[in-house]
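Okay, so here's the structure we're looking at.
Here, residue 1 is the first one in the sequence, and each next residue gets the next number.
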Amino acid sequence: MNQKSFAFLLASILSLAVLLNAAWAANAEEELKKLETDRAAAVVRGDVATLEKQTSDDYTLINMNGQMSDKSQMVNAFKTGQSKLTSDELSDMKVRVYGNTAVITGKADVNGTLGGKDATGQIMFTRVYVKKGGQWQAVAFQQTRVSNP
């Protein structure tokens, strides 16, 4: 094999690798957006089983009132009705994937209560997912109330 043929072959392989990586990232972005949308629907339904499955055991939540909680506290709040949303409409989601870690930012228009306090209005959020055992799980979530939506 001459040098030109080798260079062409190497360039072709590298181009294919870049294209495959871009396709994988686009697929992961769509998968994560769907996961986030499904999670919002689960919150409205009070579907605690879905929340438990999609949430890592070492999960940390910082709510719009600046209070921190873990997975068991978050799940328990939905089980007991202390947290109950009647709507959770997501928009402006942006997904960034870094290998087995992903960060989603976006907006949510919510109606209901979180942690026993009124949560009606618009929030901005950041959620971090990590792929564990082939499944994406939320490991951190932070939300901030928007004062003038």
Side-chain angles (χ1 to χ4, degrees), residues 10-149:
L10 184 59
S12 297
I13 291 171
L14 290 175
S15 296
L16 181 60
V18 168
L19 289 173
L20 288 174
N21 190 41
W24 178 86
N27 187 40
E29 287 178 24
E30 290 307 312
E31 179 184 0
L32 285 155
K33 281 182 180 179
K34 182 177 181 337
L35 186 64
E36 191 66 23
T37 301
D38 290 350
R39 186 180 182 91
V43 165
V44 171
R45 289 191 315 270
D47 182 355
V48 176
T50 295
L51 294 176
E52 286 178 328
K53 178 183 174 189
Q54 293 181 351
T55 306
S56 176
D57 290 338
D58 60 351
Y59 179 78
T60 302
L61 159 71
I62 301 172
N63 72 20
M64 66 181 71
N65 300 311
Q67 299 164 319
M68 187 178 290
S69 59
D70 61 20
K71 177 182 179 176
S72 64
Q73 291 166 318
M74 179 271 296
V75 169
N76 191 50
F78 283 103
K79 279 182 182 175
T80 64
Q82 188 178 16
S83 290
K84 174 63 180 148
L85 294 183
T86 56
S87 67
D88 188 1
E89 298 297 322
L90 305 180
S91 63
D92 298 335
M93 282 194 288
K94 181 178 180 184
V95 178
R96 295 180 312 264
V97 179
Y98 307 99
N100 285 336
T101 303
V103 177
I104 299 180
T105 55
K107 293 179 186 175
D109 286 308
V110 298
N111 193 350
T113 59
L114 292 172
K117 295 185 180 179
D118 181 41
T120 301
Q122 189 176 75
I123 62 167
M124 301 290 290
F125 68 88
T126 300
R127 189 178 315 271
V128 179
Y129 284 93
V130 172
K131 199 164 201 176
K132 298 178 178 185
Q135 299 293 318
W136 291 104
Q137 285 194 314
V139 296
F141 183 62
Q142 190 276 326
Q143 55 188 197
T144 303
R145 187 183 302 270
V146 177
S147 56
N148 294 320

Arg39 side chain reached by Leu51 side chain, heavy atoms, under 4.5 Å:
yes
Would you say Lys132 has more than 12 foreign heavy atoms packed within less than 6.0 Å of its NZ?
yes
Report the distance from atom CZ of Phe125 to atom CD1 of Ile62, rounding to the nearest 0.5 Å.
15.5 Å
Among Gln54, Gln135, Glu36, find the residue that satisfies the side chain to side chain donor-acceptor pair (under 3.5 Å) test when tested with Tyr129.
Glu36
Rounded to the nearest 0.5 Å, how far apart are CG of Leu114 and CD of Gln82?
10.0 Å
Check: Ser83 side chain, Gly115 main-chain N or O, donor-acceptor pair, under 3.5 Å:
yes
Checking side chain to side chain contact (heavy atoms under 4.5 Å, CB included) against Leu32, which of Val97, Val103, Thr37 comes through?
Val97
For Arg96 and Tyr98, work out which heavy atoms get closest and say how close.
NE-OH, 3.1 Å
Side-chain polar contacts of residues 64-72 - donor-acceptor pairs under 3.5 angstrom, sequence neighbours left out - could you list them?
{"residue": "Gln67", "atom": "OE1", "partner": "Asn63", "partner atom": "ND2", "Å": "3.0"}
{"residue": "Asp70", "atom": "OD1", "partner": "Ser72", "partner atom": "N", "Å": "3.2"}
{"residue": "Asp70", "atom": "OD1", "partner": "Ser72", "partner atom": "OG", "Å": "3.0"}
{"residue": "Asp70", "atom": "OD1", "partner": "Gln73", "partner atom": "N", "Å": "2.9"}
{"residue": "Lys71", "atom": "NZ", "partner": "Glu52", "partner atom": "O", "Å": "3.0"}
{"residue": "Lys71", "atom": "NZ", "partner": "Thr55", "partner atom": "O", "Å": "2.9"}
{"residue": "Lys71", "atom": "NZ", "partner": "Asp57", "partner atom": "OD1", "Å": "3.1"}

Measuring from atom CD1 of Ile104 to atom NZ of Lys94, what distance do you get when rounded to the nearest 0.5 angstrom?
12.5 Å
Taking atom CG of Asn100 and atom CH2 of Trp136, what is their separation to the nearest 0.5 Å?
6.0 Å
Looking only at heavy atoms, which two atoms of Gly112 and Thr120 are closest? And how far apart?
N-OG1, 3.3 Å
Answer yes or no: is there a donor N or O on one side and an acceptor on the other, between the side chain of Thr86 and the main chain of Asn111, under 3.5 Å?
yes
So CE of Met124 and CD of Gln142: to nearest 0.5 Å the spacing works out to 10.0 Å
Counterpart residues, salt bridge (charged side-chain N to carboxylate O under 4.0 Å, His left out), relative to Arg45 (two or more places apart):
Asp47
Spatial distance of atom CD1 (Ile123) from atom CZ (Arg145) [nearest 0.5 Å]:
9.0 Å
